[in-house]
Asker: 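Before I ask anything, here is the structure I am working with.
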Amino acid sequence: MPLQGVLNADSGKGTINRNIYGHFSEHLGRCIYEGIWVGEDSPIPNTNGIRNDVVEALKQIRIPVLRWPGGCFADEYHWKDGIGAKETRKRMVNTHWGGVVENNHFGTHEFMELCRQLGCEPYINGNLGSGTVQEMSEWVEYLTFDGVSPMAELRAQNGRKEPWKVTYFGVGNENWGCGGNMRPEYYADEYRRYQTYVRNYGDNRIHRIACGPNSDDYNWMDVLMREAGRFMDSITLHYYTLPTDNWQDKGPATGFDEHAWFSTLQKALRMDDLITRHRTIMDKYDPEGRVGLIVDEWGTWYNVEPGTNPGFLYQQNTMRDALVAGLTLNIFHKHNQRVRMANIAQTVNVLQAVILTEGEKMIVTPTYHVFDMYKVHQDAELLDLSLDTGSYQLDGGDIPAVTATASRDAKGKIHLSFCHLQPQAEAQVTIDVRGLAGSSFTVTGSTLTSGRIDAHNTFAQPDAVKPQPFESFQLEGGKLTVNLPTMSVTTLELAAK
Ligand code: AHR
């Protein structure tokens with residue numbers, strides 16, 4: 001039986017904020033160092049110390065916003081250690097992540113240069129856990145003050161006269177945990193104090209971001225919204241997908257069975273419920289929807305690759321991750337009224353990375369391909385799509401066989417994306433496309449699929465998993481029938497002839 005759906009192509013449900021396609025890069029393992037920053041003298045082709053291949057790949061997926069420097073690292077980071085001549089920058093131990101030496105060669109100027117090369121917005125996360133109010137305040141002054149001031153002068157001495165434009169600024173990270181083990185009441189007060197000194201200089205307007213809850217900590221959300229809601233522009237949510245409930249043994253990134261496939265997708269789908277419940281709390285204190293929800297850490301978290309530093313969080317990335325990415329983006333679209341940004345963890349070589357590097361070599365992962373296929377939804381109008389999702393059952397669990405989303409871009413093209421979660425069966429979907437007002441359409445498509453649940457790209461086989469042109473569909477009399485391959489992410493484009 002085909003799954004039935006209805007697309008109201010003339011019924012918009014608001015814009016899908018492009019920042020939902022954001023990324024997160026922390027001083028963790030080989031994300032910043034090696035993955036992004038190789039230094040000006042490296043034999044790896046670079047521009048001002050930043051890898052050209054990585055920049056090109058990220059530009060291709062139109063990365064809109066990049067969060068830095070952490071994560072847990074943010075609440076131990078003292079930004080003044082990362083400015084000035086590189087030889088004199090402080091060396092420190094990265095206590096959270098692998099106990100390796102951090103030489104601070106990648107600092108504020110280098111991050112802003114990275115964002116310039118990428119053409120993306122910076123999202124800087126300040127240190128509330130172990131930094132002072134003055135330190136945070138001065139960072140914002142250093143970044144954005146246009147005029148005569150101690151920090152503007154220091155910036156000029158370091159080679160940058162003009163201020164940068166910085167919109168997104170986080171006031172602490174995971175302050176319920178690595179950011180200070182605070183109670184929500186205490187953090188709410190601290191947040192109010194710190195954000196007071198995060199100033200708007202000139203015409204720069206800071207979007208103040210409060211540290212929100214860990215997954216289902218609804219009390220944290222309630223207390224923050226009640227006590228500090230009016231002092232914030234957005235609040236964060238962190239949720240990671242593990243195949244098991246055991247942080248000591250999360251399961252491998254490859255070489256898993258269908259049980260782990262299923263449980264991972266089932267847990268990833270939890271994002272919908274988490275957002276719904278946090279939204280309900282936010283609605284109570286902010287019925288107008290002024291405060292945004294930013295899911296600034298999400299993605300899969302497995303055991304590290306055998307033989308790698310456990311503190312580096314390096315993991316492979318398979319078709320399973322592609323499905324997690326696609327279904328999560330579908331969920332973010334659905335919640336576009338509140339979810340205004342999301343940042344997958346983390347850009348290169350860490351957790352659900354879109355890029356992996358090994359020396360001068362670089363590959364892109366199945367997750368990367370999903371971001372590439374889905375970029376057509378950035379800033380597009382979400383369309384009203386209802387779908388009988390079917391049912392995929394295993395181990396007493398029951399999840400949708402298919403999830404989908406649809407949008408219309410500025411040129412009037414309609415894009416539909418489908419995530420088909422079943423690894424053993426195909427699925428047929430028939431969508432009644434309404435509201436096309438007599439135009440005739442050409443349909444094109446691409447799909448990401450594989451015969452193996454743990455199919456992935458390696459440095460020896462970089463294109464083992466990549467999107468293929470897709471033609472298994474029919475549009476007739478306003479009915480679009482699509483034959484979705486097993487375990488696949490598919491995007492179709494309907495363009496008026
Ligand atoms: O992304 C890895 C870590 O996960 C981040 O540093 C922290 O914020 C979260 O716990």
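One-based numbering, in listed order, for ligands and for the atoms of each.
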Asker: Heavy atoms only: give me the nearest Met232-Ala210 pair and the separation to one decimal.
Answerer: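 Taking Met232 first and Ala210 second, the nearest heavy atoms are CE-CB, 3.7 Å.
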Asker: With sequence neighbours left out, write down each residue that passes side-chain contact (heavy atoms from CB on, under 4.5 Å) with Asp454, or none if nothing qualifies.
Answerer: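 side-chain contact (heavy atoms from CB on, under 4.5 Å) list for Asp454, sorted by chain: Thr254, Phe256, Thr318, Arg452.
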Asker: Heavy atoms under 4.0 Å from ligand 1: which residues qualify?
Answerer: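 Ligand 1 is contacted, at a heavy-atom distance under 4.0 Å, by Phe24, Glu26, Leu28, Gly71, Cys72, Trp97, Asn173, Glu174, Tyr240, Glu297, Trp301, Gln346, Leu351.
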Asker: So, using disulfide (SG to SG under 2.5 Å) as the criterion, who are the partners of Cys115 when residues are at least two apart?
Answerer: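 Partners of Cys115 under the disulfide (SG to SG under 2.5 Å) test: none.
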Asker: Taking the basic N atoms (NZ, or NE/NH1/NH2) and the acidic carboxylate oxygens, is any pair closer than 4.0 Å for Arg160 and Glu110?
Answerer: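 Between Glu110 and Arg160 there is no salt bridge, as every charged N stays at least 4.0 Å from the carboxylate O atoms.
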Asker: Not counting sequence neighbours, list each pair that qualifies as a salt bridge (charged side-chain N to carboxylate O under 4.0 Å, His left out) and has a residue in residues 230-243.
Answerer: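 Qualifying pairs: Asp233-Arg290.
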Asker: Parallel, tilted or perpendicular: which describes the rings of Trp79 and Trp139, with under 30° parallel and over 60° perpendicular?
Answerer: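 Trp79 vs Trp139 ring planes: parallel.
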